[in-house]
Amino acid sequence: MLRSIVTGPPFSWLSGGLDLFDHYWTAWRTYCRIRAWFPGSRELSFSLSTKFKYRENIRIGDHVRIGPGVIVGAHAPVVMEDYVRISQYATIETAGLDLNQPLPYPHVSRPIVLKRGAWIGAGAMVLGGVTVGENAVIGAGVIVTRDVPPGAILVGQAPRQLDRRVGG
């Protein structure tokens with residue numbers, strides 16, 4: 001009985017109205033963030049859950065789409081040219097640690113460039129010093145540590161052991 005009262009009108013109308021208000025409020029907040037943070041980018045789209053570290057080091061072209069949960073760490077410059085797509089929960093990170101130095105390991109950072117039309121798949125990671133070529137595709141979950149040629153498609157995982165650290 002109580003369930004039919006709470007799920008029926010007028011409660012369902014009120015709930016639907018609140019959901020619609022929340023949708024428009026979220027869209028408005030996202031629009032305001034985009035315009036304030038990247039005023040020179042046209043047709044830019046990203047989610048409220050997208051995180052930008054060191055925004056002053058990020059340049060974004062036109063028609064760029066960035067999915068929810070993406071992290072862009074720009075300790076060094078990050079350039080995203082026109083028509084770049086970054087799928088959900090991907091990470092673009094310029095900084096890392098110099099493991100050849102004594103503790104505490106100092107940070108080192110190198111720039112990242114995502115050329116026109118590059119697509120970064122869900123959960124992928126692009127690390128510092130990498131240029132992803134025009135129209136290249138990075139598959140889901142791939143970790144990119146080297147330059148990617150234009151038009152290349154990278155998929156899969158191929159872990160390998162690095163040389164041992166001195167004292168490690």
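Quick note: residue numbers are just sequence positions, from 1.
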Decide whether I86 and W37 are clustered together by the hydrophobic rule: side chain heavy atoms of Ile, Leu, Val, Met, Phe, Trp, Tyr closer than 4.5 Å, transitively. yes
Hits for ring-ring contact (aromatic ring centres under 6.0 Å, His included) against F38, two or more places apart or cross-chain, chain-then-number order -> F52
All ring-ring contact (aromatic ring centres under 6.0 Å, His included) counterparts of H107, not counting sequence neighbours: none
[X]: what forms a side-chain contact (heavy atoms from CB on, under 4.5 Å) with it, not counting sequence neighbours?
{"X": "R59", "value": "V79"}
{"X": "R110", "value": "none"}
{"X": "S47", "value": "S49, T50, P68"}
{"X": "Y54", "value": "E56, N57, A74, H75"}

Selection residues 79-90 - residue pairs positive for salt bridge (Lys or Arg N to Asp or Glu O under 4.0 Å), sequence neighbours left out: E81-K115, D82-R116
Return yes when atom CG of L97 has more than 12 non-hydrogen atoms of other residues, nucleotides or ligands closer than 6.0 Å, and no otherwise.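 Correct, the count exceeds 12.
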Set of residues satisfying salt bridge (Lys or Arg N to Asp or Glu O under 4.0 Å) with respect to D62, sequence neighbours excluded: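 For D62 the salt bridge (Lys or Arg N to Asp or Glu O under 4.0 Å) partners, ignoring immediate neighbours, are R42.
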Sequence neighbours excluded, which residues qualify as salt bridge (Lys or Arg N to Asp or Glu O under 4.0 Å) partners of K51? none
Report the residue from V148, V113, T145, I92 that forms a side chain to side chain contact (heavy atoms under 4.5 Å, CB included) with V126. I92
Which pairs count as ring-ring contact (aromatic ring centres under 6.0 Å, His included) when at least one residue sits in residues 117-152, sequence neighbours excluded? none
Let me check something: any side-chain donor-acceptor pairs from residues 128-141 under 3.5 Å, sequence neighbours excluded? List them with distances.
none

Which hydrophobic side chains are connected to M125, either touching it within the sub-4.5 Å cutoff or through other members that do?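 L127, I143, listed by chain and number.
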